[in-house]
Amino acid sequence: MDMSPKKYSRKIVVVGGGPAGFFAALAAKTAKPSAKVVLLEQSEAPLQKVKVSGGGRCNVTHACFNPVLLAKNYPRGGKELIPLFEQFQPLDMVRWFSERKIFLKTEKDGRMFPNTDSSDTIMRCFLEEAKKCPVEIVLNTELVSVRKVQDRFVLDCKRTSFVADRLILATGSSRKGWEIVKSLGHTIEEPVPSLFSFQVPFFLEKNLAGISIDKVALCIRNTSLSASGPLLVTHWGVSGPVVLTLSSLAARYFGEHRYKAELIIDWVPSLSKERLHQGMERLKKYHPKKHLGTARIVPLSNSLWRCLCEKSSMSPDTPLGKMFSRDFLKLSDVLKNDRYSMTGKSHHKAEFVTCGGVRRSEITSSMESMKCPHLFFCGEMIDIDGITGGFNFQNAWTTGWIAGKSAVR
Ligand SMILES: Cc1cc2nc3c(=O)[nH]c(=O)nc-3n(C[C@H](O)[C@H](O)[C@H](O)COP(=O)(O)OP(=O)(O)OC[C@H]3O[C@@H](n4cnc5c(N)ncnc54)[C@H](O)[C@@H]3O)c2cc1C
C-alpha cells in the first residue's frame, strides 16, 4: 500500500458514528481546525441510538454538576470518571448545546431532555455541526481490521482502506470493535447486558400490570446487591427505576446466574416492621369492623394490597377485629420481606447498555491506549456504564471530548 500522506493520509480517523464518535470528531476538529478528521460508520445512518433514545425524546444528560456525586451513578468506571468529569461534565454539555441554540429542560428526577422533546433536535445538531467544522463522514464503511505500520494505522474496511496518524475507536458494544481492540493488545472485560426489566411470573399470573409504587427497596436474596426507588409492574414482571438500577448494579451477578434470582421486595421501606405492626394494632382498635382488604394500612394500590394479604394467607374480607397479633406480624413480614422468583430478563424499551468492554486500567486519563500509542477510546466500548437517567450519554460526551482533544495534541 502506498503510504504517501498526499494520497491516503487521514490524520485522525474516528471509527463509529454514535454519540461518542461524533463528539470525539467534533472535539478534535474544534481543538485543531487544521487537522483532517474523518469519521467512519458501518451503517447507512449514523446516531441511530440517539434517535431511539429516551423513547424518542433523548435523555441527553443528567442535572448533576458535582463530579464526585455524578460518578456514583456508574457501577463500572465511576472512580476513573471523576477526573474526566472535572474536565468535561454535564454543565459543559448544557453550555455546548446552548451555544448552538439547543436548550435543555430538567425533569423532577434530574433527567435532561431537549426542550423540543425530540431526539431529532440532537441528531440534527450533530449532523449540522459536522458539516460546519467540517468532519468528513464516510457511511457504509465497516472497519474490519487495524494494522500498525511504522507510526501509523492502516484501517482495512470492507471495500477500502484508510491510513491514520491517530485512531479513535468508538464502536460501542460491537463485538467486531472489541475483536479489533484485542488484536491491538487489549483485554476485553466480558460484555453482559445492563438496564433490563425482570420477568417475574407472579405478577403475570395476578394480572397486576400497570401498578406503580413510588418507592420500594429491592434486593437479591443472600447478596448485598440492592436498590430503592419507583417500581412499575409490567405484563412480564417488574420494571421502573429501581429495577433498572438493580439490573445495572448486579449486571455481572445476573449474567453469571443466567438471569434467575430470588428477589426480595420491601414494599414500605420508610416504615420498620415494628411501626407497621403497631399501626395495624391501632387500626384494629379504632376500626374493628373494617375489612383487611379495604383498610388503608399502607399506601399500595387495592389490587396489590389484596394480593399481599392473600400471600400472607389472610382473606382480604377478614374484619380487623378478628385478627390476631401473629396475623399482623405475618403481614408485616410479607410487606418487608416479600420474596419473588425472577425467571429471566426483558429489554427495557427506553434504554439498555452493555456492561464490560475495554479494560479501564489499560487506558490513560487522556483516553489513550497504554498498549498502543496514538490509539484512543471513547463511549460504551470501554468498560464504563451508568444507570439509567442520561448517564450513559454523558459518558459518551465526556470520554469523546477528551479522546478528540487528546488525539490532536
Ligand atoms: C433503546 C436505547 C435507548 C437509550 N436511551 C438512552 C438515553 O435516553 N440516555 C442515555 O444516556 N443513554 C441511552 N442509551 C444508551 C446510549 O444510547 C449509549 O450508551 C450510547 O449510544 C453509546 O454511545 P457510543 O457512541 O459509545 O456507541 P453507539 O451509540 O453504539 O455507536 C457506535 C457506532 O459504531 C458503529 N460501528 C460499530 N462497529 C463498527 C465498525 N466495525 N466499523 C464502523 N462502524 C462501526 C455502529 O454502527 C454505531 O453507529 C440508550 C440505548 C438504547 C439501546
Side-chain angles (χ1 to χ4, degrees), residues 13-26 38-62 64 70 73-74 76-77 90 93 104 107 110-114 117-119 122-123 126 137-146 155-160 162 167-181 183 191 193-196 244 248 347-355 357-358 367 376-401 403-404:
V13 177
V14 182
V15 184
F22 255 81
F23 211 53
L26 294 177
V38 179
L39 187 145
L40 309 182
E41 165 58 39
Q42 66 182 2
S43 67
E44 57 181 17
L47 297 167
Q48 283 310 292
K49 282 197 191 163
V50 171
K51 187 174 183 177
V52 296
S53 64
R57 293 169 66 214
C58 190
N59 176 195
V60 227
T61 186
H62 200 95
C64 177
L70 183 62
N73 296 288
Y74 296 83
R76 286 145 296 270
M93 202 57 208
L104 305 184
E107 305 221 320
R111 291 180 303 157
M112 300 189 86
F113 294 86
D117 267 333
S118 169
S119 55
I122 305 297
M123 285 179 73
F126 282 122
I137 301 173
V138 186
L139 300 176
N140 296 309
T141 304
E142 181 189 346
L143 177 68
V144 176
S145 63
V146 175
L155 313 180
D156 293 317
C157 299
K158 278 215 170 125
R159 281 179 294 273
T160 178
F162 294 84
L167 173 61
I168 302 178
L169 290 178
T171 51
S173 54
S174 133
R175 293 254 163 201
K176 182 86 224 161
W178 283 321
E179 270 170 36
I180 293 169
V181 178
S183 76
S194 178
L195 299 184
F196 46 84
L244 299 178
S248 172
H347 266 325
H348 176 64
K349 274 192 223 114
E351 181 173 355
F352 44 89
V353 291
T354 305
C355 144
V358 186
M367 307 320 296
F376 299 81
F377 300 106
C378 54
E380 200 175 320
M381 77 173 315
I382 306 170
D383 182 24
I384 297 179
D385 61 282
I387 60 171
T388 182
F391 303 106
N392 287 300
F393 277 144
Q394 188 57 48
N395 171 44
W397 314 135
T398 296
T399 54
W401 189 81

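Order of appearance sets the numbers: ligands from 1, and atoms from 1 within every ligand. Because the structure is predicted, anything quoted here is derived from the model rather than measured.
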Checklist entry - Under 4.0 Å from any heavy atom of S174, which atoms of ligand 1 are there? => result 37 (C), 38 (N)
Checklist entry - Should one rank T399, N395, N59 by closest heavy-atom distance to atom 9 (N) of ligand 1, which comes out on top? => result N59
Item to check | Under 3.5 Å donor-acceptor, N59 side chain and T61 backbone | outcome: yes
Item to check | Under 4.0 Å to a heavy atom of V353 - the qualifying atoms of ligand 1, by number | outcome: 15 (C), 19 (O)
Checklist outcome for this item: Filtering A45, G16, A170 for the heavy atom nearest atom 32 (C) of ligand 1 leaves A170
Checklist entry - Donor-acceptor pair, S119 side chain versus C58 backbone, under 3.5 Å? => result no
Next on the checklist: I'd like to check the salt bridge (charged side-chain N to carboxylate O under 4.0 Å, His left out) partners of E107; sequence neighbours left out, ordered by chain and number.
Outcome noted: R57, R111
Item to check | Where ligand 1 meets S53 - atom numbers and elements under 4.0 angstrom, heavy-atom basis | outcome: 3 (C), 4 (C), 5 (N), 6 (C), 7 (C), 8 (O)
Item to check | Heavy-atom nearest option to atom 21 (O) of ligand 1, drawn from S119, C157, P19, G55 | outcome: P19
Checklist entry - Is there a donor-acceptor contact under 3.5 Å from the side chain of T171 to the main chain of S174? => result no
Next on the checklist: Heavy-atom distances under 4.0 Å decide this one: backbone, side chain, both or neither, for V15 against ligand 1?
Outcome noted: side chain
Item to check | Sidechain-backbone polar pair: N392 side chain, G386 backbone, donor-acceptor under 3.5 Å | outcome: yes
Next on the checklist: Taking a cutoff of less than 4.0 Å between a non-hydrogen atom of the residue and any ligand atom, is G177 in contact with ligand 1?
Outcome noted: no
Next on the checklist: For atom 25 (O) of ligand 1, tell me which residue out of S43, G54, A20 has the closest non-hydrogen atom.
Outcome noted: A20
Item to check | Donor-acceptor under 3.5 Å (R76 side chain, I382 main chain) | outcome: no
Next on the checklist: Quick one: does any side-chain atom of Y74 pair with a main-chain N or O of F391 as donor and acceptor, under 3.5 Å?
Outcome noted: yes
Checklist entry - Counting both backbone and side chain atoms, is some N or O of F393 under 3.5 Å from an N or O of ligand 1? => result yes
Next on the checklist: Just to be sure I read this right, does ligand 1 sit under 4.0 Å from the backbone of T171, its side chain, both, or neither, counting only heavy atoms?
Outcome noted: both
Item to check | From T398 atom OG1 to L70 atom CG, the distance as rounded to the nearest 0.5 Å | outcome: 7.5 Å
Checklist entry - Is there a donor-acceptor pair closer than 3.5 Å between any side-chain N or O of H62 and the backbone N or O of G389? => result yes
Item to check | Min heavy-atom dist L47 to ligand 1 below 4.0 Å | outcome: no
Checklist entry - Which atoms of ligand 1 are found less than 4.0 Å from any heavy atom of V52? => result 1 (C)
Checklist entry - Under 4.0 angstrom from ligand 1, any heavy atom of Q48? => result no
Checklist entry - Restricting to pairs with a member in residues 38-49, which pass side-chain hydrogen bond (donor to acceptor under 3.5 Å, both in side chains), not counting sequence neighbours? => result E41-S43
Checklist entry - Is there a nitrogen or oxygen of Q42 sitting under 3.5 Å from a nitrogen or oxygen of ligand 1? => result yes
